[in-house]
Amino acid sequence: MDRKIRRGLASAALLAVLALAAGNDAAAAGDPKRGGQVFQACVPCHSVKPGEQLTGPSLARVWNRKAGTVEGFQRYSDALKHANAVWNEATLDKWLANPEQFVSGTSMTFPGVRESKDRQDVIAYLRAVSEGKAASGEPRRGGMMMQSGKVDLKKAPPAGQVVSISHCGDTYTVKTADGKTSKVWEFNLRFKTDSSKDGPVAGKPVIVGAGMQGDRASVVFAAPAEISSFIKQTCQ
């Protein structure tokens, strides 16, 4: 074989090895451990547990998944459902940087992650979760009465177990199983439902605190039909 041809082949092989090494370095650029910490800002809306849907879909197996296709999640915007995107390092980086710019018309109101390092670390974490190399149940901040993410409402303490709710004027009176009574301005009390496995027992709603000042709360029922029948109109 001609010497020049051999040298050319050797050079091409070296370039291929260097390109592969560079590609591997790029894939490993993010720090999944730090990414799990950065991801804590996302846990009020997203879980990394399979099948656990919050405001947003579970991200447990997001890697190489087509956008808008998580089974059991029904709140996708039409824009995302029809977006021709597969979640990988490049698409996740664009999405995390500016969701609205990447998919115009998305219902995700998150403004984006400004720092490239933060985005790369979160992406590395999500990939590690998808590949079973990181825990799929990161701890969430907040407790029963100041909820951040989902908790098992069937295990609510007596202070969270609602015994009765009455309405008079502009005030709800909420009695709980610990024997206490709270009066809440009607505008500060929300009524919600949770039909998941973590929702309350049927007929036994749970009150969850909210608001920075502790002046707001949500009463969570197992089903919508329970709400109107549970609340009594009385001023006694």
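We number each residue from 1, following the sequence as shown. Computed over heavy atoms, backbone and side chain alike; hydrogens, waters and symmetry mates excluded.
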Contacts satisfying side-chain hydrogen bond (donor to acceptor under 3.5 Å, both in side chains) that involve residues 171-180 (not counting sequence neighbours) are Thr173-Lys183, Thr176-Asp178

Test side-chain contact (heavy atoms from CB on, under 4.5 Å) on Leu153 and Asp194 and set out the steps. CA-CA 9 Å; Leu153 298 181; Asp194 186 350; 4.3 Å; yes

Donor-acceptor pair, Lys94 side chain versus Pro99 backbone, under 3.5 Å? no

Which atom of Ala159 lies closest to which atom of Ile207, heavy atoms considered: O-CG2, 4.0 Å

Hey, what do you get for CD1 (Ile165) to CD (Gln233), rounding to the nearest 0.5 Å? 12.5 Å

Does CZ in Arg65 sit with more than 12 non-hydrogen atoms of other residues, nucleotides or ligands closer than 6.0 Å? yes

Side-chain donor/acceptor pairs under 3.5 Å, residues 101-111, sequence neighbours excluded:
unit_1	atom_1	unit_2	atom_2	d
Ser104	OG	Glu100	OE2	3.4
Thr106	OG1	Met108	N	3.2

Heavy-atom nearest pair, Ser130 first then Val62, reads OG-N, 3.3 Å

Backbone N or O of Ala67 within a donor-acceptor pair of the Tyr76 side chain at under 3.5 Å? no

Between Phe230 and Ile227, is there a shared hydrophobic cluster once you connect ILVMFWY residues whose side-chain heavy atoms come closer than 4.5 Å? yes

In terms of hydrophobic clustering (I, L, V, M, F, W, Y; side-chain heavy atoms under 4.5 Å; direct or indirect links), are Leu59 and Phe73 co-clustered? yes

Nearest 0.5 Å, please: how far is OG1 in Thr193 from CD in Glu226? 9.5 Å

Geometric class of the Trp185/Phe187 ring pair [parallel <30°, tilted 30-60°, perpendicular >60°]: tilted

To the closest 0.5 Å, what do you measure between CD1 (Ile123) and OG1 (Thr91)? 8.0 Å

Glu89/Gln120 under side-chain contact (heavy atoms from CB on, under 4.5 Å): CA gap, chis, key distance, verdict: CA-CA 8 Å; Glu89 187 170 1; Gln120 291 304 310; 2.9 Å; yes

Within 6.0 Å of NZ in Lys117, more than 12 heavy atoms from elsewhere: yes

Working to the nearest 0.5 angstrom, can you tell me the gap between Phe39 CZ and Leu126 CG? 5.5 Å

May I ask you to say whether Arg34 pairs ionically with Asp118, meaning some side-chain N is under 4.0 Å from a carboxylate O? yes

With a 3.5 Å distance limit and no angle check, can you tell me whether Ser58 reaches the backbone of Lys49 through a side-chain donor-acceptor pair? yes

Are Trp63 and Val86 linked, directly or through intermediate hydrophobic residues, by side-chain heavy-atom contacts shorter than 4.5 Å (ILVMFWY only)? no

If you draw a 6.0 Å radius around NZ in Lys33, do more than 12 non-hydrogen atoms from other residues or ligands fall strictly inside? no

Within the 4.5 Å heavy-atom criterion, are Pro32 and Arg127 side-chain neighbours or not? no

Nearest 0.5 Å, what's the CG-CG distance between Asp198 and Asp152? 5.0 Å

For the pair His167 (side chain) and Gly169 (backbone), establish whether a donor and an acceptor sit closer than 3.5 Å, ignoring hydrogens and angles. yes

Contact check, side chains of Gln74 and Gln53, non-hydrogen atoms, under 4.5 Å: no

When rounded to the nearest 0.5 angstrom, what is the spacing between CG in Leu54 and SG in Cys42? 11.5 Å

Atom of Val162, atom of Val206 and distance for their closest heavy-atom approach: CG2-C, 4.0 Å

If every non-hydrogen atom of His82 is compared with every non-hydrogen atom of Asp78, which pair is closest and at what distance? ND1-O, 2.8 Å

Does any non-hydrogen side-chain atom of Val122 lie less than 4.5 Å from one of Leu96? yes

Is it true that Glu115 and Arg119 make a salt bridge, defined as a side-chain N closer than 4.0 Å to a carboxylate O? no

Between Tyr125 and Val43, is there shared hydrophobic-cluster membership here, with clusters defined by ILVMFWY side-chain heavy atoms closer than 4.5 Å? yes

I need the minimum non-hydrogen distance between Gly160 and Ala156, along with the two atoms involved. C-CB, 4.5 Å

Of all the heavy-atom pairs spanning Pro50 and Ala60, show the shortest one and how long it is. N-CB, 3.5 Å

